[in-house]
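Have a look at the structure below, then the notes.
The chains referred to below are lettered A, B, ... by the order of the sequence lines, with proteins before strands, and numbering in each begins at 1. Note: hydrogens, waters and symmetry copies are ignored here, and every other heavy atom, side chains too, is used.
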Amino acid sequence: MVLPVRPPYDLCRTVQCGQAFGWRTDNTGVTGVFAARRVRLAQTAGGILVEGLSDERDLVRLRHYLGLDEPLEAVESELMRDRVLRRILPHTSGIALLRQNPWECLVSFIISAFNNIPKIELSLDRLTRQFGDGVAEGVWSFPEPARLAGARLKELHRCALGYRAPYVRQVARLMASGRVDLSAIGQMPFHEARHALQALPGVGEKVADCVLLFAYRRGEAFPVDVWVKRAVERWYFHGRRVTARQIQEFARSQFGPLAGYAQQHLFYYIRERGNGGTRERAPARTRARPQSGRRLPR
DNA sequence: ATTCAGGTGCGAG
DNA sequence: CTCGCACCTGAA
């Protein structure tokens with residue numbers, strides 16, 4: 001089965017740019033679990049080749065999840081008006097925003113706090129095997145809130161969650177008891193939803209923004225992690241240290257509803273380049289100035 | 001052995 | 001309200 005795509009959509013970049021932890025890539029494509037199936041995806045000239053999914057409804061869901069209908073060309077042409085992104089985009093073009101399951105996304109990013117990517121993947125994998133339902137040979141669904149709510153802390157610690165274990169269980173209990181409703185949060189206005197998410201244990205500004213962006217697809221969200229902070233300081237603030245608050249304000253005024261896309265390109269680029277931690281210059285040879293770039297329209 | 005990693009919750013000024 | 005600090009734990 002093939003799902004049609006329009007350029008500049010890039011499957012590998014989309015699933016590798018850090019918004020989801022469940023996909024594994026190799027030479028031939030990406031594999032992961034979707035709709036309780038082990039699926040394999042590969043991007044070809046004709047579109048996204050899908051193996052492992054037969055139900056038409058699941059294919060529609062996959063299409064939706066992958067963001068295949070986004071007007072990426074228009075988005076990127078807007079982003080090209082920014083002096084920094086104009087240099088970066090040739091290396092990052094095609095990143096789409098996924099529409100992940102909010103619960104899985106929330107747990108994933110609670111676990112991501114002060115952690116590293118291999119261990120985040122390890123924890124999520126163990127969590128899924130320990131508490132998810134075996135839906136096929138070697139395939140587990142992501143555990144439901146009720147399942148994690150009833151877990152022993154000791155069991156959770158076996159997933160190498162460390163000090164995040166109680167956060168995960170507390171959040172699971174809030175969901176399982178109905179005290180918090182993620183779909184209701186998804187209906188709220190941006191700042192209200194953000195506030196509701198931040199009220200959860202283990203969820204601060206950054207994790208809340210990740211859920212808003214990667215699950216609810218709120219384009220205004222601009223998650224500021226250490227990498228994005230570094231990128232923005234280096235390329236938009238002449239290398240000066242600024243607070244996360246200042247970065248948020250900058251992103252909102254500079255990118256408006258496309259802030260989330262901008263974040264993805266900055267994040268992907270500074271990490272892809274490797275040693276983003278050192279004093280490497282701006283992409284290519286121009287140095288961006290905060291005031292000189294034209295603002296993107298709201 | 002020591003260090004580092006996609007933040008958050010706390011207490012103190 | 002801003003600022004500094006501790007923090008589970010696997011991997012290099």
Nucleotide nearest A/Arg245 when distance is taken to its side chain, options C/dC3, C/dT2, B/dG6:
C/dT2
Under 3.5 Å on both distances, the Watson-Crick or G-U partner of B/dG6:
none
For A/Ile120 and C/dA11, what is the distance between atoms CD1 and P respectively, to the nearest whole Å?
14 Å
A/Ile117 has an atom CD1; how far is it from atom C1' of B/dC4, in whole Å?
13 Å
Just call it for A/Val228: base, sugar-phosphate, or nothing, with non-hydrogen atoms closer than 4.0 Å on any strand.
nothing
Taking the P atom of each, how far is B/dG6 from C/dC3, in whole Å?
24 Å
Mapping A/Val203 and A/Phe267 to their closest nucleotides on DNA chain B, which lands nearer the 5' end?
A/Phe267
A/Arg13 vs A/Tyr268 side-chain heavy atoms within contact, under 4.5 Å:
yes
So do A/Val207 and A/Leu197 actually touch side chain to side chain, heavy atoms under 4.5 Å?
no
Need one value for A/Gly204: base, sugar-phosphate or nothing, where a base atom within 4.0 Å counts as base even if backbone is also close, heavy atoms only.
sugar-phosphate
Once you round it to whole Å, what is the distance between P of C/dC8 and CG of A/Leu122?
18 Å
Interatomic distance, A/His157 NE2 vs C/dG10 C1' [rounded to whole Å]
15 Å
Tell me if the side-chain of A/Tyr167 makes a donor-acceptor pair with the base of B/dG9, cut-off 3.5 Å, by modelled atom types.
no
In this structure, are over 12 heavy atoms from other groups packed under 6.0 Å from A/Arg24 atom CZ?
yes
Walking DNA chain B from its 5' end, the first of A/Pro201 and A/Ala20 to be reached, judged by nearest nucleotide, is A/Ala20
Tell me whether the ring of A/Phe114 lies stacked over the B/dA5 base, given a 5.5 Å limit on centroids and a 30° limit on the plane angle.
no
Taking any heavy-atom pair under 4.0 Å as a contact, classify A/Pro223: base, sugar-phosphate, or nothing.
nothing
Taking the P atom in each of C/dC8 and B/dC10, what is the distance between them to the nearest angstrom?
13 Å
Common cluster, A/Tyr163/A/Val171, ILVMFWY with side-chain heavy-atom separation under 4.5 Å
yes
Output the rounded distance in Å from CZ (A/Arg241) to C1' (C/dG4).
13 Å
When rounded to whole Å, the CG to C1' distance for the pair A/Asn115 and C/dC7 reads 11 Å
Can we say A/Arg63 and A/Asp58 salt-bridge, meaning some charged N sits less than 4.0 Å from an Asp/Glu carboxylate O?
no
A/Leu200 atom CG is separated from B/dG9 atom P, nearest whole Å, by 9 Å
Let's test this: given Watson-Crick or G-U wobble pairing with both distances under 3.5 Å, identify the partner of C/dC8.
none
Here's a test of your reading of the structure: between A/Pro118 and A/Ala113, which maps to the more 5' nucleotide of DNA chain C?
A/Ala113
Ring centers of A/Phe267, A/Phe222 separated by less than 6.0 Å:
no
Minimum-distance nucleotide to A/Tyr163 side chain [options: B/dG6, C/dC7, C/dC3]:
C/dC7
Nearest-angstrom distance, C1' atom, C/dA12 to B/dG7:
22 Å
With a 4.0 Å limit, can you tell me whether A/Arg271 has a side-chain N or O closer than that to the phosphate oxygens OP1/OP2 of B/dG6?
yes
Atom CG of A/Asn116 and atom C1' of C/dG10 are separated, to the nearest Å, by 7 Å
